[in-house]
Amino acid sequence: MSAPRIGLVAIGRNEGERLKRCLRSVPAGCPVVYVDSGSTDDSVAFAESLGMTVERLSTAKGFTAARARNAGWRRLTAEHPGLDYIQFVDGDCELASGWIDEARRALDAEPELCAVFGRRRERFPQASPYNALCDDEWNVPVGLVRTCGGDVLMRLAALRQVDGYCDDLIAGEEPDLCLRLGLEGWKVRRIDAEMTLHDMDMHHARQQWLRARRAGFAYAEHVARHGANAFPDWRRAVPSIILWGGVLPAIFILAALVALIVPSAAAGLVALAVAALFYLQATRIALRKRRSGAPMNFALFYGFWMVLGKIAQFGGVVRYHVKRWRGGPNALIEYRGQSEGKPA
């Protein structure tokens, strides 16, 4: 029997039934390492019951998805040195039937590819508008792209060349990895194939707010780490976040306070002008989404959150720079509760 070419790394913490669906979806004969980040449920016992290798992360360095994935692929390759590819999957995702074979064929066909990924879908996009936002976010264009997400088939030689993910990143670890791979000449492709079903299970505005704050933190850290080499759209994102999430809201609040305390008609007009800018920006984004084929209700919700989310992202940018000034390790920004979800 020939040695396997593909192994799988799943990461998680207290994923419950989601992890069970994930691990059951792994094709027969594929070696697996499940990396657990301090679960208090039966995640470890279930993985072991399937005969899978379990890597338990210590609490000494803190939990991040990047650290978990690194621990997983290094343990996997130590046990199976003949592997060519590593399939990474988050513990809240279920692999689509036939995905790994299709992704392998894509990597075999293009030696310059370091990574291939497909369509990640939300399991319950209609359960909440926040789930629907995530399902829309996962649907990136087919073809060569700059970066991937957490679910991806990765070429082991490329992963080793850049020494894997950066352990200390609490968010944005995939863009960071893909940027470093790109600088070495590697390419990433999104193929037209079903890859995973993801169970976001997000139902509250506060969760979406924290998720946006986490994104702002990731933008700020990516640009600070890589400077001129950072992805151009990420470099543009930071000043946009500062303008729409910091400067304009500050002007609105200050003008509104002056208008109420003095009172001042001029200050009131400034506050109204800023409010009108936000309304027009949200409307512009919603109309653009509507033209792409989205239902009107979703387009309006999307436009609203793309604008409101800038304020949350600004909080993430500020948090990153305060942390950088003070020093010390990054603290996770959890949006699904500390007792569940993947470690970042």
Side-chain angles (χ1 to χ4, degrees), residues 1-11 22 26-35 52-53 55 57 64-91 93 95-96 98-120 140 142-169 172-193 195-196 222 225-226 229-231 344:
M1 183 177 179
S2 60
R5 296 182 62 205
I6 301 174
L8 182 140
V9 172
I11 65 171
C22 173
V26 179
C30 179
V32 179
V33 169
Y34 166 61
V35 184
M52 296 175 175
T53 299
E55 178 79 9
L57 292 186
T64 69
R67 180 181 169 224
R69 293 187 187 118
N70 278 337
W73 73 261
R74 287 167 182 151
R75 175 76 179 270
L76 188 62
T77 54
E79 295 184 356
H80 302 275
L83 295 177
D84 294 323
Y85 307 132
I86 306 290
Q87 174 68 52
F88 291 101
V89 63
D90 291 343
C93 294
L95 287 168
W99 158 252
I100 289 182
D101 284 339
E102 192 150 0
R104 173 190 53 77
R105 286 192 289 270
L107 282 178
D108 284 345
E110 296 186 72
E112 71 274 18
L113 293 181
C114 63
V116 165
F117 68 104
R119 178 66 161 102
R120 178 196 252 197
V140 303
V142 171
L144 291 176
V145 293
R146 289 194 180 98
T147 185
C148 63
D151 303 338
V152 61
L153 185 65
M154 187 77 63
R155 192 182 299 273
L156 182 57
L159 195 63
R160 280 177 166 153
Q161 185 175 353
V162 296
D163 198 28
Y165 298 86
C166 289
D167 279 357
D168 61 329
L169 289 175
E173 66 276 3
E174 301 97 347
D176 175 88
L177 173 64
C178 291
L179 176 68
R180 292 184 286 114
L181 286 165
L183 292 173
E184 298 294 336
W186 293 101
K187 297 178 181 178
V188 178
R189 184 177 292 281
R190 197 284 219 194
I191 63 174
D192 188 14
M195 180 179 63
T196 49
H222 178 86
R225 282 191 178 217
H226 298 291
N229 286 327
F231 291 130

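Using a cutoff of 4.0 Å between basic side-chain nitrogens and carboxylate oxygens, R180 and E184 are not scored as salt-bridged. No salt bridge links R105 with D101; every basic N to acidic carboxylate O contact stays at or beyond 4.0 Å.
Screening I6, L153, V152, T77 for a side chain to side chain contact (heavy atoms under 4.5 Å, CB included) with I86, the sole residue that qualifies is T77.
Taking 4.5 Å as the limit, some side-chain heavy atom of R225 sits within range of a side-chain heavy atom of C166. The shortest side-chain heavy-atom distance between W186 and E112 does not fall under the 4.5 Å cut-off. For the pair W73/M154, no side-chain contact is recorded, criterion being any heavy-atom separation below 4.5 Å from C-beta on. In this structure, L144 and L113 have side chains that are in contact, with non-hydrogen atoms separated by less than 4.5 Å. The closest side-chain heavy-atom distance from P31 to E79 is not below 4.5 Å. Under the 4.5 Å side-chain criterion, counting only non-hydrogen atoms from C-beta, D176 is in contact with H226.
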**Request:** Carefully, step by step, assess L57 and V35 under the rule side chain to side chain contact (heavy atoms under 4.5 Å, CB included).
**Result:** CA-CA 7 Å; L57 292 186; V35 184; 3.7 Å; yes

**Request:** Check the pair T196, W99 against side chain to side chain contact (heavy atoms under 4.5 Å, CB included), reporting the backbone distance first and the verdict last.
**Result:** CA-CA 8 Å; T196 49; W99 158 252; 5.8 Å; no

**Message:** Run V26 and I100 through side chain to side chain contact (heavy atoms under 4.5 Å, CB included) and show every step you take.
**Reply:** CA-CA 9 Å; V26 179; I100 289 182; 5.7 Å; no

**Request:** Test R155 against Y85 for side chain to side chain contact (heavy atoms under 4.5 Å, CB included), laying out the working first.
**Result:** CA-CA 5 Å; R155 192 182 299 273; Y85 307 132; 3.6 Å; yes

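Side chain of E174 to main chain of G150: a donor-acceptor pair is present (N/O by atom type, distance under 3.5 Å, no hydrogens or angles). No donor-acceptor distance shorter than 3.5 angstrom exists from the side chain of R69 to the backbone of I11, with no hydrogens or angles considered. A side-chain donor-acceptor contact under 3.5 Å links D151 to the backbone of D90.
In this structure, L181 and A158 approach most closely via the heavy-atom pair CD2-O, 3.3 Å. Taking each heavy atom of G72 and V9 in turn, the nearest pair found is C-CG2, 3.5 Å. Scanning both residues, P27 and L95, for their nearest heavy atoms gives CD-CD1, 4.3 Å. In plain terms, the two heavy atoms of L179 and A230 that are nearest each other are CD2-CA, 4.1 Å. Closest non-hydrogen pair, P175 versus H222, comes out as O-CE1, 4.2 Å. V89 and C93 make their closest contact through CG2-CB, 3.8 Å (heavy atoms, listed as atom of the first residue, atom of the second, distance).
In this model, no donor atom of one side chain and acceptor atom of the other lie less than 3.5 Å apart for E173 and T64.
In this pair, F88 and Y165 present their aromatic rings perpendicular. The plane angle is above 60°, beyond the 30 to 60° band.
Note that CG of L76 and OG1 of T53 are 8.0 Å apart. Values are rounded to the nearest 0.5 Å. Interatomic distance, H80 NE2 to R5 CZ, rounded to the nearest 0.5 Å: 15.5 Å. The distance from atom SG of C22 to atom OH of Y34, rounded to the nearest 0.5 Å, is 9.0 Å.
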